[in-house]
2 protein chains.
Amino acid sequence: MSSAEVLASVDIVALRLTPESQRLQVLLHQRQRLPYKGQWALPGVIVNGSTADSNLDAAACRALAEKAKVYPRHLEQVGTEGNGSRDPRGWTLSTYYLALLDPAVVVEDPQIAFLDLQGVLDNEPPLPFDHRLLVERAYERLAAKAVYTNLPLYLAPERFTVLDALSAAQACLGQPVNNTSLRKRLERMKSEGWVQDTGEKNQPRLGRPQQLYRHTPQGNGAFMFDRSLLAGG
Amino acid sequence: MSSAEVLASVDIVALRLTPESQRLQVLLHQRQRLPYKGQWALPGVIVNGSTADSNLDAAACRALAEKAKVYPRHLEQVGTEGNGSRDPRGWTLSTYYLALLDPAVVVEDPQIAFLDLQGVLDNEPPLPFDHRLLVERAYERLAAKAVYTNLPLYLAPERFTVLDALSAAQACLGQPVNNTSLRKRLERMKSEGWVQDTGEKNQPRLGRPQQLYRHTPQGNGAFMFDRSLLAGG
DNA sequence: TGAATAGTGTCTATCAGACAATATATT
DNA sequence: AATATATTGTCTGATAGACACTATTCA
């Protein structure tokens, strides 16, 4: 029943905001091979299979580049699932990553699509393997980190307004976020060099123009706040 | 250079507090096989190799049970390292876990030892493979979570005093923790059922007796506080 | 001028943290 | 009584959050 080696793959849960910045979408790709040929699934590759990989993170980048020609703003490993039932081919491992994309990314490949995250979590459409579970875990990671880091900003446009940042945070958390609190967080990040005021403005259909900011991460990690955004429930 | 399958293992970074509750120690085991036979290394097993594993978590439990006959209070997956240079046998994957042990655990097996965590991080003794890196990552996870969860309590004795909880937190964070803040956290946990007052007391050599508490987790996750313990720097 | 939207200022509640005050034991 | 330790209470500071107020545009 068991052998010394197992089939190992890397799967990517790549998220972006819809153009209206209201909802999250998952990048899926239509499988070209068995099993589950033709179904929408997470982009992934076999680790160090027909293509050599220097390490797992490189394999993750390769998966996104090969399958979707997309380069993420943020990429982090979430976990590894391994058991004998997730893949009909036998005992397999999948290390899965959370990737956050620029909302401006375009994909013309018809085998690639962005589907509504909440739909996927509700099994619409159902994904093969345990991909729905992987999506859920990756989203949980994002939601947990959105409470006390700037992770949502990696989903906002290159130059963003306060409203863009607010929408991103709300999409990550799945609930309303206090406008004042978010502004204060942006202020603090500005004073620490993580956000810059571009000086430019964006004119909405009506009303006062919106200031445009730019996200300028100082280092690899995320900016950590020392309080939860959801303290008051 | 590459094949369809890779060697996958699970390694455990199991920590406990020293009897004086001042420092953390890592559980290591003396390797019985090549490579690195005779050296102190993390306990681990080949996933679904000569022994079948229903899933990765089960393999992690098996590693601890087989190698050290130890059962952790808390076990969580930290990450997976995979590359061609970490193991002389070729391209390998290791999924590594953080395990928190009761300080009362005893191990009589001479092939098992608890070595000082800080020493191991300083390469004393040097560990084979990339085990030092895995230890570092697991400890980073613990330190990060100690800031806003009750994770350190899983390292405290079954019935603990405020001082025990304080020592555990300090050992996890690697820096002093405010006594008042910790007491208030215990108060809150008590009001939410996560800590119980046993009514018993412990008499130190001198001075007022210490109240003894018991840690009673309500569910699988950790208790989350909505502020950092280290907000003031 | 009025509607719509953006941005600022003020106040409250909560909790980390410093520190003083009190309680309970041993010698 | 003196000392040591634990525990309680008081005060300050930072910041999330609610909300009122001001600013800037278009129709």
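Chain naming here is simple, since letters A, B, ... match the order of the sequence lines and numbering starts at 1 in each.
- Rounding to whole angstrom units, CZ of residue A/Phe225 and C1' of D/dT15 are separated by 12 Å.
- Scanning for side chain to side chain contact (heavy atoms under 4.5 Å, CB included) contacts around B/Ala146 gives B/Pro152, B/Cys172, B/Leu173, with sequence neighbours left out.
- A straight line from OH of B/Tyr148 to P of C/dT14 spans 24 Å, rounded to a whole angstrom.
- Interatomic distance, A/Glu76 CD to A/Tyr154 OH, rounded to the nearest 0.5 Å: 10.0 Å.
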Please tabulate, one pair per line, each protein N/O and nucleotide N/O from nucleotides 9-13 of chain D that are separated by under 3.5 Å, including the distance.
none

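- A/Leu75 meets the side chain to side chain contact (heavy atoms under 4.5 Å, CB included) test with A/Ala60, A/Cys61, A/Pro72, A/Tyr97, A/Ala99; sequence neighbours excluded.
- By the side chain to side chain contact (heavy atoms under 4.5 Å, CB included) test, A/Lys69 is found to be paired with no residue, residues two or more places apart in sequence or in another chain being considered.
- If you take CZ of B/Arg185 and C1' of C/dC15, they are 10 Å apart, rounded to a whole angstrom.
- The side chain to side chain contact (heavy atoms under 4.5 Å, CB included) search around A/Glu66 returns A/Val45, A/Thr51, A/Arg62, not counting sequence neighbours.
- Sorted by first then second residue, the salt bridge (Lys or Arg N to Asp or Glu O under 4.0 Å) pairs that include residues 176-188 of chain B, not counting sequence neighbours, are B/Glu187-B/Lys190.
- Straight-line distance from the CZ atom of B/Arg188 to the C1' atom of C/dA16: 11 Å, rounded to whole Å.
- Remark: A/Asn179 is not in phosphate contact with D/dG17, judged by side-chain N or O atoms under 4.0 Å from OP1 or OP2.
- Taking atom CZ of residue B/Arg183 and atom C1' of nucleotide C/dA18, one finds them 15 Å apart after rounding to whole Å.
- One interatomic measurement links the two molecules: CE of A/Met189 to P of D/dA16, which rounds to 13 Å at whole-angstrom precision.
- Pairs passing the salt bridge (Lys or Arg N to Asp or Glu O under 4.0 Å) check and including a residue from residues 13-23 of chain A, sequence neighbours excluded, read A/Arg23-A/Asp116.
- Every pair passing salt bridge (Lys or Arg N to Asp or Glu O under 4.0 Å) that includes a residue from residues 118-130 of chain B is listed here, sequence neighbours excluded: B/Arg86-B/Asp130.
- Sorted by first and then second residue, the ring pair (Phe, Tyr, Trp, His ring centres under 6.0 Å) pairs with a member in residues 184-208 of chain A read A/Trp194-A/Phe223; sequence neighbours excluded.
- Residues from residues 197-219 of chain B that place a heavy atom under 4.0 Å from any atom of DNA chain D, listed by number: B/Leu206, B/Gly207, B/Arg208, B/Pro209, B/Gln210, B/Gln211.
- Between the side chains of B/Asn202 and B/Thr161, no donor N or O sits under 3.5 Å from an acceptor N or O.
- For the segment residues 158-172 of chain B, the set of residues with a heavy atom within less than 4.0 Å of an atom of DNA chain C is empty.
- Rounded to a whole Å, the CG atom of B/Leu186 is 15 Å from the P atom of C/dC15.
- For residues 208-217 of chain B, every residue pair satisfying the salt bridge (Lys or Arg N to Asp or Glu O under 4.0 Å) rule, not counting sequence neighbours, is listed here: B/Glu158-B/Arg214.
- Between the CD atom of A/Glu187 and the C1' atom of C/dA6 there is a distance of 14 Å, given to the nearest Å.
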